[in-house]
Amino acid sequence: MPEGHSIHRLARQFRDVFAGEPLRVSSPQGRFADGARRLDGATLVDARAHGKHLFLDFDVDLVMRVHLGLYGAWSFGGDETFRGASSIGAPRRMGETETFDRAATPGPDDGGAPAYSGPPEPVGQVRARLVSAHGWADLRGPSACEVITPGEAAAVVARLGPDPLVAGTGPGEFLERVTRRSVALGQLLMDQAVLSGVGNIYRAESLFRAGLDPWLPGRRLGAADGVRLWEDLAGLMADGVRVGRIITTEPEHRDAVDPDGEPAPLWPDNAHYVYQRDGLDCRVCGTAVRVTQMQARNLFWCPGCQAP
DNA sequence: CCTTAATGGACAT
DNA sequence: TGTCCCTTAAGGT
């Protein structure tokens, strides 16, 4: 699934294109029918993210909570006020992609393209559909999609660890939660009760950039290293929100040319240090990057740069 | 065309 | 540790 940066982009998108308007809410697939009925006709007042959870606040004192899980995705379309609308989420082998639904959004340059006349027939299993006067959003394949009270939403946030993308959040709480555990740092970074929003790519890349051994017990992480790790993650994830992709390499570590001698593009092959680079030479020390399972997920690391 | 793995996580066993 | 969620794209036939 998209990591935390994508969910923050989604929250921004919902604020930009739906907030302040009454929405028709439905569930073409049927599995969100009850929830849709409770929200239908209500006005979206805010959209926010904490880690990988998206919260849509409606003026009827109800909140729609969505977690995309491994392969959930939102797609958008609409009229000219939806310019920049995109599809965010879903598993993408080479990383997150965002595609603009041009067919549904004719612009001034599109000549005779038909004007926006409402959302298309639902394609596939559309769990939830939100429609305003200007556009629509379809949700497919989420692991969670429910209507809850503001109090219940607050309880969800309360049991999550700090999110580096939430303004005003510092490393203190993160350090506290990491250093009282003896399990591996690589496991703790993926634990949403320790830190919110980090997934498998940010885990691997941030540990590499910090030169930290993924098997280091949390309680053995020094305060200075912990603060550096947090600050680096905060920067990487903020970049992710801005760019829409996870890019963690520094320019001096990227390949100038690809195997065919052509100038190598940044995306996708030059974007990461270790993620999905097992068997390739480390960009920094030349040691072969390795992969192993940690908590049923692939963990990529460089034995040279991240030695115990 | 079919198979498989993928940026999660809740829940059952 | 296994199952679901039931999408998507890469990679192999």
Side-chain angles (χ1 to χ4, degrees), chain A residues 1-10 27-32 35 49-54 65-76 86-99 101 122-129 137-146 148 152 155-157 159-161 163-165 183 186-208 214 233 236-237 239-241 243-249 267-269 271-279 291-301:
Chain A
M1 91 170 243
E3 302 192 19
H5 69 297
S6 297
I7 313 307
H8 282 265
R9 285 174 68 86
L10 277 167
S27 177
Q29 175 205 48
R31 290 189 46 194
F32 182 58
H50 191 109
K52 300 168 187 173
H53 297 250
L54 175 69
R65 181 183 75 95
V66 174
H67 194 297
L68 293 177
L70 186 53
Y71 48 73
W74 284 97
S75 50
F76 300 88
S86 58
S87 170
I88 301 178
R92 303 280 192 250
R93 194 169 191 74
M94 305 312 272
E96 172 190 336
T97 60
E98 302 187 18
T99 54
D101 184 0
V123 177
Q125 299 282 314
V126 178
R127 181 81 61 90
R129 166 171 278 187
D138 278 355
L139 172 65
R140 291 185 179 78
S143 64
C145 172
E146 61 174 358
I148 58 180
E152 289 167 333
V156 170
V157 172
R159 64 165 199 263
L160 291 169
D163 179 347
L165 290 175
V183 296
Q187 282 183 44
L188 292 172
L189 288 189
M190 295 278 283
D191 182 341
Q192 302 299 299
V194 170
L195 175 63
S196 283
V198 168
N200 207 22
I201 302 179
Y202 282 127
R203 159 174 79 167
E205 296 294 304
S206 63
L207 287 173
F208 174 88
L233 264 172
L236 290 176
M237 293 171 78
D239 288 346
V241 172
V243 177
R245 284 177 167 165
I246 300 177
I247 292 169
T248 58
T249 50
W267 189 265
D269 292 344
H272 306 131
Y273 283 105
V274 291
Y275 178 73
Q276 291 217 327
R277 281 179 55 85
D278 49 304
V291 61
T292 189
Q293 293 285 120
M294 180 183 271
Q295 291 294 93
R297 305 300 301 277
N298 282 327
L299 170 70
F300 301 86
W301 91 107

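Reckoned from all heavy atoms, side chains included, excluding hydrogens, waters and symmetry mates. Naming convention: chains lettered A, B, ... in sequence-line order (proteins, then strands); numbering from 1 in each chain.
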If I pick the P atom on dC5(C) and the same atom on dT13(B), what distance separates them, to the nearest angstrom? 14 Å
Would you indicate which nucleotide in dC6(C), dA6(B), dG8(B) comes nearest to any side-chain atom of His67(A)? dG8(B)
Gln29(A)-Arg127(A) side chain donor-acceptor pair, cut-off 3.5 Å: yes
On a whole-Å scale, what distance lies between the C1' atoms belonging to dG9(B) and dA9(C)? 23 Å
Over how many whole Å does the gap from Leu299(A) atom CG to dA5(B) atom C1' extend? 17 Å
Determine which nucleotide pairs with dA5(B), using a 3.5 Å limit on both distances of a Watson-Crick or G-U wobble pair. dT8(C)
Can you tell me the distance, in whole Å, between the CD atom of Glu146(A) and the P atom of dC5(C)? 16 Å
Once the angle between the rings of Phe76(A) and Trp74(A) is folded into 0 to 90°, is it parallel (under 30°), tilted (30 to 60°) or perpendicular (over 60°)? parallel
For Leu139(A) and Cys145(A), run side-chain contact (heavy atoms from CB on, under 4.5 Å): C-alpha distance rounded to whole Å, both residues' side-chain angles, the deciding distance at 0.1 Å, then the answer. CA-CA 9 Å; Leu139(A) 172 65; Cys145(A) 172; 3.9 Å; yes
Check the distance between dC4(C)'s C1' and Leu70(A)'s CG and give it to me in whole angstrom. 11 Å
Output the rounded distance in Å from NE2 (His53(A)) to P (dG9(B)). 7 Å
Side-chain N or O of Asn298(A) closer than 4.0 Å to phosphate OP1/OP2 of dA5(B): no
Does Gln192(A) place a side-chain N or O at less than 4.0 Å from the phosphate oxygens OP1/OP2 of dG8(B)? no
Taking the six-membered ring for Trp and the single ring otherwise, decide whether the centroids of His5(A) and Tyr202(A) are under 6.0 Å apart. yes
State which of dT7(C), dG9(B), dG8(B) makes the closest approach to the side chain of Ser143(A). dG8(B)
Quick one: label Gln295(A) by what it contacts on the DNA or RNA (base, sugar-phosphate, nothing), any heavy atom closer than 4.0 Å. nothing
Can a donor-acceptor pair be found between the side chains of Arg65(A) and His53(A) at a distance below 3.5 Å? yes
Arg297(A) side chain near dG8(B) phosphate (N/O to OP1/OP2, under 4.0 Å): yes
Distance between the C1' atoms of dA10(B) and dT8(C), in whole angstroms? 22 Å
Take the protein atom CZ of Arg203(A) and the nucleotide atom P of dG9(B), then report the distance between them rounded to whole Å. 11 Å
Take the protein atom CH2 of Trp74(A) and the nucleotide atom C1' of dT7(C), then report the distance between them rounded to whole Å. 15 Å
Check the distance between dG8(B)'s C1' and Ile246(A)'s CD1 and give it to me in whole angstrom. 13 Å
Reckon Arg127(A) has a side-chain N or O less than 4.0 Å from the OP1 or OP2 of dC5(C)? no
Can you measure Met190(A) atom CE to dG9(B) atom C1' for me and round it to whole angstrom units? 10 Å
